[in-house]
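Remember, it's a predicted structure, so these values are computed and weren't measured experimentally. Note that these values count all heavy atoms, side chains included, but never hydrogens, waters or copies made by symmetry.
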Amino acid sequence: VWEKIAEKLKAVGAQTKGAKKALSTWAKSHALHYQKNCLLGGDGSKGWGFSVANVLLGKIKEALGLDQSKFNFSGAAPLTLETLEYFASIG
């Protein structure tokens, strides 16, 4: 299920152009950096601009209903690293 959602989001993202694409890419890179910092034993600090990135990515999470979720789990079937990192990049 997570892979299917990620595929659809990536397809929409591939059609995005210009400033919107640049802002989206910037925001995802900041969110992914923060998530990796938390997961890999980092101190969990948020880089400069994380708050702005989180606001921008909040619209994606809201559209998916993930803004209502505190924790997201996967079980039984393994997820690819690419899928895990994609969802980490949207916060």
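The two residues His30 and Ala53 have their closest heavy-atom pair at CB-CB, 4.0 Å.
Residues Leu32 and Val52 are members of separate hydrophobic clusters, defined by side-chain heavy-atom contacts under 4.5 angstrom among Ile, Leu, Val, Met, Phe, Trp and Tyr.
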What donor-acceptor contacts under 3.5 angstrom involve side-chain atoms of residues 15-27, with partners at least two apart or in another chain?
| residue | atom | partner | partner atom | Å |
| --- | --- | --- | --- | --- |
| Thr16 | OG1 | Val12 | O | 3.2 |
| Lys17 | NZ | Ala14 | O | 3.3 |
| Lys21 | NZ | Gly13 | O | 3.1 |
| Thr25 | OG1 | Lys21 | O | 2.9 |

Residues 54-68, side-chain donor-acceptor partners within the protein, below 3.5 Å, at least two apart:
none

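Every ring-ring contact (aromatic ring centres under 6.0 Å, His included) that Phe87 has, sequence neighbours left out, goes to Trp2. For Glu3, the salt bridge (charged side-chain N to carboxylate O under 4.0 Å, His left out) test picks out no residue, with sequence neighbours left out. Legend: residues meeting salt bridge (charged side-chain N to carboxylate O under 4.0 Å, His left out) with Lys10, ordered by chain and number and at least two apart, are Glu82. Legend: residues meeting side-chain hydrogen bond (donor to acceptor under 3.5 Å, both in side chains) with Glu85, ordered by chain and number and at least two apart, are Lys36. For the side-chain hydrogen bond (donor to acceptor under 3.5 Å, both in side chains) test, no residue two or more places apart in sequence or in another chain qualifies with Ser74.
Atom SG in Cys38 sits 9.5 Å away from atom NE2 in His33 (nearest 0.5 Å).
By the 4.5 Å side-chain criterion applied to Ile, Leu, Val, Met, Phe, Trp and Tyr, Tyr34 is assigned to a cluster that also includes Phe50. Counting side-chain heavy-atom gaps under 4.5 Å among Ile, Leu, Val, Met, Phe, Trp and Tyr, the cluster of Phe73 also holds Phe71.
Pairs of residues two or more places apart, or lying in two chains, never qualify as salt bridge (Lys or Arg N to Asp or Glu O under 4.0 Å) while including a residue from residues 42-51.
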